[in-house]
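Below is one structure, written out as structure tokens; comments come after it.
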Amino acid sequence: MKAVLLDEARFLQGIELPKPERVSQYVSFRKTPNDPKVIIERCQDADIIISGSVKLGRDIIESLPNLKLIQLTSSGMNAVDHAACKDHDVELYNAATFAAKAVPEHTFMLMLMAYRSGVHYHHTVADGSWRKQGSAEIKTLPVRDIEEQTLGIIGAGTVGKRVTEIAKAFGMTVLWAEHQGKKPRNEDYTDFDTVLAASDIISLHCPLTEETRHLINKDTLAKMTKNPLVVNVARGGVVDSNAMAEAVLSEHVFGYATDVFEKEPIAKDDPLLKLTEQSHLHVIFSPHVASNSKNSQQKLWEIVREQVNAFIANYKH
């Protein structure tokens, strides 16, 4: 079978990307634009597409008669038309567990930077304020400890469970939120609204679906009564940017620390950018790099190779 890798640039330089052994023909492109004509041309005779960031809609899938498998180099699957895959007997695989260690670590980086006013105090050293003003004058911002805080986790999958382990090592109390509007499935889960009300920090790890789009909105933010920090390493669309910006500015929430945005790269008119213009002290942004460690990317390619090889080995003509 022929496989086409559309976006090798997704991987860090130095990451080895040997082709799956069972692939007979293999073509790799460093980058592929989100242009259907280009994608179709590059994949016209492909049996397998390997991709992480390229959008594969129905028009593309219907134009590729040989296509049998789309193998994603990501855990998220929002860039592909699932219904079109089903209609045309195209299998769709993701790599759900590749960043099971990297993303939780990034979660705590964001959490701690926001809780301890990390960006502000970095600048007091870098810009000379500490030297000019002295320690007493620059130590004016509160630094919060995460020990003994209640962490509400929305999305207790592989990543959420690892975040739980780290949180408990820090001495935090952890609550797993049940799906909104559902009764807790067992004693490990807590009613969604209760988690919103009881948490000092809320960490998002759920996939982006029709049910979770703008899950964090004006109404759900209003239920957060403890002035929590909200951390988002899920997907940008899980949070309503307008509502979150308003909640931060009104100090209804302590802050917002996120690795993801509704449009990526972040749009110039994204209301969250206004928070950076005002140098909000508990707002931390990173450009969707939580899974971008060398170890996680090497693991990612191992998963991709294994899944592609297994698909070819088990394929029934």
Side-chain angles (χ1 to χ4, degrees), residues 7 10 34 51-58 60-61 70-86 92-100 102-104 106-107 110-111 152-163 176-182 189 192 195-196 199 201-221 223-224 230-245 247 253 256-267 269-273 284-292 296 300 303:
D7 49 2
R10 167 171 169 72
N34 280 310
S51 173
S53 57
V54 179
K55 294 181 180 180
L56 301 172
R58 178 175 290 274
I60 294 172
I61 293 168
I70 296 174
Q71 169 66 63
L72 297 175
T73 56
S74 63
S75 56
M77 303 171 74
N78 305 98
V80 181
D81 189 318
H82 294 219
C85 288
K86 184 176 180 180
L92 176 60
Y93 295 172
N94 68 340
T97 62
F98 81 95
V103 173
H106 198 86
T107 300
L110 292 171
M111 188 186 304
I153 293 180
I154 299 177
T158 302
V159 171
K161 288 182 171 64
R162 177 59 179 159
V163 170
W176 289 354
E178 184 52 88
H179 290 170
Q180 188 178 29
K182 303 291 185 180
Y189 288 81
F192 182 84
V195 171
L196 296 185
S199 297
I201 302 172
I202 295 171
S203 195
L204 307 175
H205 303 283
C206 54
L208 178 61
T209 65
E210 289 303 314
E211 288 73 28
T212 63
R213 183 173 296 279
H214 285 187
L215 179 67
I216 304 304
N217 54 46
K218 183 177 181 180
D219 293 335
T220 51
L221 282 162
K223 297 176 181 179
M224 301 177 187
V230 180
V231 181
N232 187 5
V233 290
R235 286 292 182 267
V238 173
V239 173
D240 181 331
S241 295
N242 282 295
M244 179 57 70
V253 297
Y256 184 49
T258 185
D259 184 53
V260 289
F261 301 88
E262 293 200 63
K263 182 178 180 181
E264 296 180 351
I266 189 170
D269 60 351
D270 192 312
L272 293 173
L273 279 180
I284 307 292
F285 294 158
S286 57
H288 205 149
V289 293
S291 63
N292 211 36
S296 68
L300 170 58
I303 293 172

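Residue numbers run from 1 in the order of the sequence given.
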Give the minimum heavy-atom separation between [X] and [Y], together with the two atoms involved.
X: Cys85; Y: Ile61; answer: SG-CD1, 3.7 Å
X: Ser296; Y: Ser291; answer: OG-O, 2.5 Å
X: Gly237; Y: Leu208; answer: C-CD1, 3.7 Å
X: Ala234; Y: Cys206; answer: CB-O, 3.2 Å
X: His106; Y: Asp259; answer: NE2-OD1, 3.6 Å

With the side chain counted from C-beta on, respond yes when [X] and [Y] share a heavy-atom pair under 4.5 Å apart, and no when they do not.
X: Leu72; Y: Leu92; result: yes
X: Met77; Y: His82; result: yes
X: Arg213; Y: Val238; result: no
X: Met224; Y: Val230; result: yes
X: Tyr93; Y: Ile70; result: no
X: Phe261; Y: Thr258; result: yes

Legend entry - Tyr189 vs Lys182, side-chain contact (heavy atoms from CB on, under 4.5 Å): CA-CA, chis, key distance, verdict: CA-CA 11 Å; Tyr189 288 81; Lys182 303 291 185 180; over 6 Å; no
Please check if the side chain of [X] supplies one atom and the backbone of [Y] the other of a donor-acceptor pair under 3.5 Å.
X: Asn242; Y: Ala245; answer: no
X: Asp7; Y: Ser51; answer: no
X: Asn34; Y: Lys55; answer: yes
X: Thr73; Y: Gly52; answer: yes
X: Lys161; Y: Ala156; answer: yes
X: Gln180; Y: Phe192; answer: no
X: Asp240; Y: His214; answer: no

Starting at [atom1] of [X], measure out to [atom2] of [Y] and round the result to the nearest 0.5 Å.
X: Ile284; Y: Ser286; atom1: CD1; atom2: OG; answer: 9.5 Å
X: Arg58; Y: Asp81; atom1: CZ; atom2: CG; answer: 5.0 Å
X: Ser53; Y: Glu264; atom1: OG; atom2: CD; answer: 11.0 Å
X: Thr97; Y: Leu300; atom1: OG1; atom2: CG; answer: 9.5 Å
X: Ser241; Y: Leu273; atom1: OG; atom2: CG; answer: 9.5 Å
X: Ile202; Y: Ile154; atom1: CD1; atom2: CD1; answer: 5.5 Å

Legend entry - Residues Asn94, Ser74; criterion side-chain contact (heavy atoms from CB on, under 4.5 Å); working and verdict: CA-CA 6 Å; Asn94 68 340; Ser74 63; 5.5 Å; no
Inset, instruction - List the steps and the verdict of side-chain contact (heavy atoms from CB on, under 4.5 Å) for Ile216 and Met244. - result: CA-CA 8 Å; Ile216 304 304; Met244 179 57 70; 3.9 Å; yes
Legend entry - Val103 and its side chain to side chain contact (heavy atoms under 4.5 Å, CB included) partner, picked from Val233, Val163, Thr158: Val233
Inset, instruction - Please name all residues satisfying side-chain contact (heavy atoms from CB on, under 4.5 Å) with Pro207, sequence neighbours left out, ordered by chain then number. - result: Thr209
Legend entry - All salt bridge (Lys or Arg N to Asp or Glu O under 4.0 Å) counterparts of Glu178, not counting sequence neighbours: Arg185
Legend entry - Ser203 and His205 side chains, donor-acceptor separation under 3.5 Å: yes
Legend entry - Greater than 12 external heavy atoms within 6.0 Å of His288's NE2: yes
Legend entry - From CA spacing to verdict: side-chain contact (heavy atoms from CB on, under 4.5 Å), Phe285, Leu110: CA-CA 8 Å; Phe285 294 158; Leu110 292 171; over 6 Å; no
